[in-house]
Amino acid sequence: MAMSRLKSPAKEETLIGRWPGDIREAMAVQETLRKRVRLIHLQKTPEYVAGVDAAFGGDRVVCVSSLFRFPALEHIEDVYTITDVKFPYIPGFLSFREGPAIIMTIRKLSIRPDVLLFDGQGIAHPYGLGIASHIGVLLNIPSIGCAKSRLIGDHTEPDRRKGMFSYLTYRGKRIGAVLRTRDGVKPVFVSPGHLIELEEAIDIVLRCTDRYRLPEPVRRADIVSKRLRNELLSS
DNA sequence: GCGACAG
DNA sequence: ATCTTGTCGC
């Protein structure tokens, strides 16, 4: 029998097709995917890093991924997706709201990133599957969570100088770091997402940050997504 | 029951 | 996240 010309759908397409529609289904998915998170050191020196962020307007979302060469931080491209939002925002379930748009967006990049930087948590999440871990597992790409505020965990105030940090702990475990990316500026919450270790995540976030609080790939994705929303999602 | 709560 | 004016500080 001849080999079928029909290619089986990509894993992420299959998953998008059955994307959870409610909390109950989402919890089942988290229970399954959390076991697939692997916090191992990077298997390859990062050459391409992509930041991801989304802007909302009505019931629609504009998701953007900005690709940069690393460690030079030369901007390569921005790709985006506009879709209807079907899942509400519920603390602990952010990835189910932005996930579909994020996955479609990352697949549009002309180069597969070596690391994904997210505006949200990695394993620093009540079920160990923040948005960075969730997407990292689905796409099998190393990922980092770089949130602007805390979801869970305890920590002390990190030294005010850039590069200083204190650890985020939860139930006796070290799950992330509260990292100062600029002198005297509110720190960011860094946690490994998938296929990376905390120390490497901290290092990459710092090396992607220059004169602003957020690492450049995420900062750019944030700016571009908001601009596109105001230009394309207005009428 | 009360407080906390990524984006 | 989004809605929004002025304002404090380097």
Side-chain angles (χ1 to χ4, degrees), chain A residues 19-20 23 26-27 29-30 33-34 37 51-66 80-103 105-106 116-137 143-155 160-162 168-171 175-194 198 201 205 211-215 217-234:
Chain A
W19 197 262
I23 288 285
M27 290 180 76
V29 168
Q30 291 184 324
L33 298 186
R34 62 181 301 188
V37 174
V52 182
D53 197 20
F56 295 80
D59 287 346
R60 287 188 293 181
V61 58
V62 179
C63 179
V64 170
S65 181
S66 299
Y80 71 95
T81 301
I82 294 181
T83 62
D84 290 331
V85 182
K86 301 175 180 177
F87 207 97
Y89 169 68
I90 300 170
F93 297 87
L94 171 66
S95 60
F96 294 93
R97 177 175 173 74
E98 306 184 350
I102 291 175
I103 291 173
T105 302
I106 294 176
L116 296 176
L117 265 176
F118 289 88
D119 183 341
Q121 314 293 343
I123 61 169
H125 174 280
Y127 299 107
L129 195 80
I131 191 165
S133 300
H134 190 163
I135 304 303
V137 166
S143 60
I144 299 171
C146 183
K148 297 185 293 300
S149 62
R150 185 196 74 98
L151 175 57
I152 57 163
D154 306 304
H155 67 86
R160 74 184 304 290
R161 303 285 290 176
K162 173 175 182 174
L168 230 201
T169 60
Y170 184 62
R171 294 179 176 175
I175 60 174
V178 185
L179 176 68
R180 199 77 74 175
T181 51
R182 286 197 66 190
D183 290 3
V185 169
K186 182 181 177 186
V188 295
F189 293 73
V190 178
S191 59
H194 184 51
L198 178 58
V205 167
R211 42 186 301 225
Y212 296 96
R213 181 192 176 214
L214 299 180
V218 171
R219 198 180 81 86
R220 175 158 181 129
D222 175 70
I223 294 173
V224 174
S225 65
K226 284 172 180 166
R227 179 163 60 68
L228 286 179
R229 176 195 58 196
N230 297 333
E231 296 176 356
L232 309 175
L233 215 56
S234 56

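Here is how names work: the chains are called A, B, and so on, in the same order as the sequence lines, proteins then strands, and each is numbered from 1.
- The salt bridge (charged side-chain N to carboxylate O under 4.0 Å, His left out) pairs that include a residue from residues 80-101 of chain A number zero, where partners must be two or more places apart or lie in different chains.
- When the side-chain hydrogen bond (donor to acceptor under 3.5 Å, both in side chains) test is applied to A:N230, no partner is found at least two apart in sequence or on another chain.
- In this structure, the side-chain hydrogen bond (donor to acceptor under 3.5 Å, both in side chains) partners of A:S95, at least two apart in sequence or on a different chain, are A:H134.
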*Under a cut-off of 3.5 Å for both distances of each Watson-Crick or G-U pair, what dot-bracket string does DNA chain C give, using [ ] for crossing pairs and | for inter-strand pairs?*
..........
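- Paired runs in DNA chain B never reach 3 or more consecutive Watson-Crick or G-U pairs with both distances under 3.5 Å.
- Taking A:S225 as the reference, nothing meets the side-chain hydrogen bond (donor to acceptor under 3.5 Å, both in side chains) condition, with sequence neighbours excluded.
- Residue A:A124 is out of contact with every strand shown, counting any heavy-atom pair closer than 4.0 Å.
- Around the OH atom of A:Y80, the shell of radius 6.0 Å holds no more than 12 heavy atoms that belong to other residues, nucleotides or ligands.
- Looking at heavy atoms from C-beta onward, A:I144 lies in side-chain contact with A:V205 at the 4.5 angstrom threshold.
- The pair A:D183-A:K162 fails the salt-bridge criterion, with no side-chain N (NZ, NE, NH1 or NH2) lying under 4.0 Å from an Asp/Glu carboxylate O.
- Here A:R229 pairs with nothing under the side-chain hydrogen bond (donor to acceptor under 3.5 Å, both in side chains) rule; sequence neighbours left out.
- The outermost nucleotides of DNA chain B lying under 4.0 Å from heavy atoms of chain A, listed 5' to 3', are B:dA4 to B:dG7.
- The ring-ring contact (aromatic ring centres under 6.0 Å, His included) test applied to A:F87 returns A:F96, not counting sequence neighbours.
- Residue A:G92 is in base contact, counting any heavy-atom pair closer than 4.0 Å across all strands shown.
- Heavy atoms of A:I131 sit under 4.0 angstrom from at least one base atom.
- Residues A:F93 and A:L129 are not in side-chain contact: their nearest non-hydrogen atoms beyond the backbone lie 4.5 Å or more apart.
- Within 4.0 Å of A:Y89, counting heavy atoms only, lies at least one base atom of the nucleic acid.
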Please list, for nucleotides 8-10 of chain C, all pairs of protein and nucleotide N/O atoms separated by less than 3.5 Å.
none

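- The list of salt bridge (charged side-chain N to carboxylate O under 4.0 Å, His left out) pairs with a residue in residues 144-153 of chain A, not counting sequence neighbours, reads A:D119-A:K148.
- Scanning for ring-ring contact (aromatic ring centres under 6.0 Å, His included) contacts around A:F189 gives A:H155, with sequence neighbours left out.
- Side-chain atoms of A:T83 never come within 3.5 Å of backbone atoms of A:A101 as a donor-acceptor pair (strictly under, hydrogens ignored).
- Within the nucleic acid shown, A:F93 comes within 4.0 Å of at least one base atom, counting heavy atoms only.
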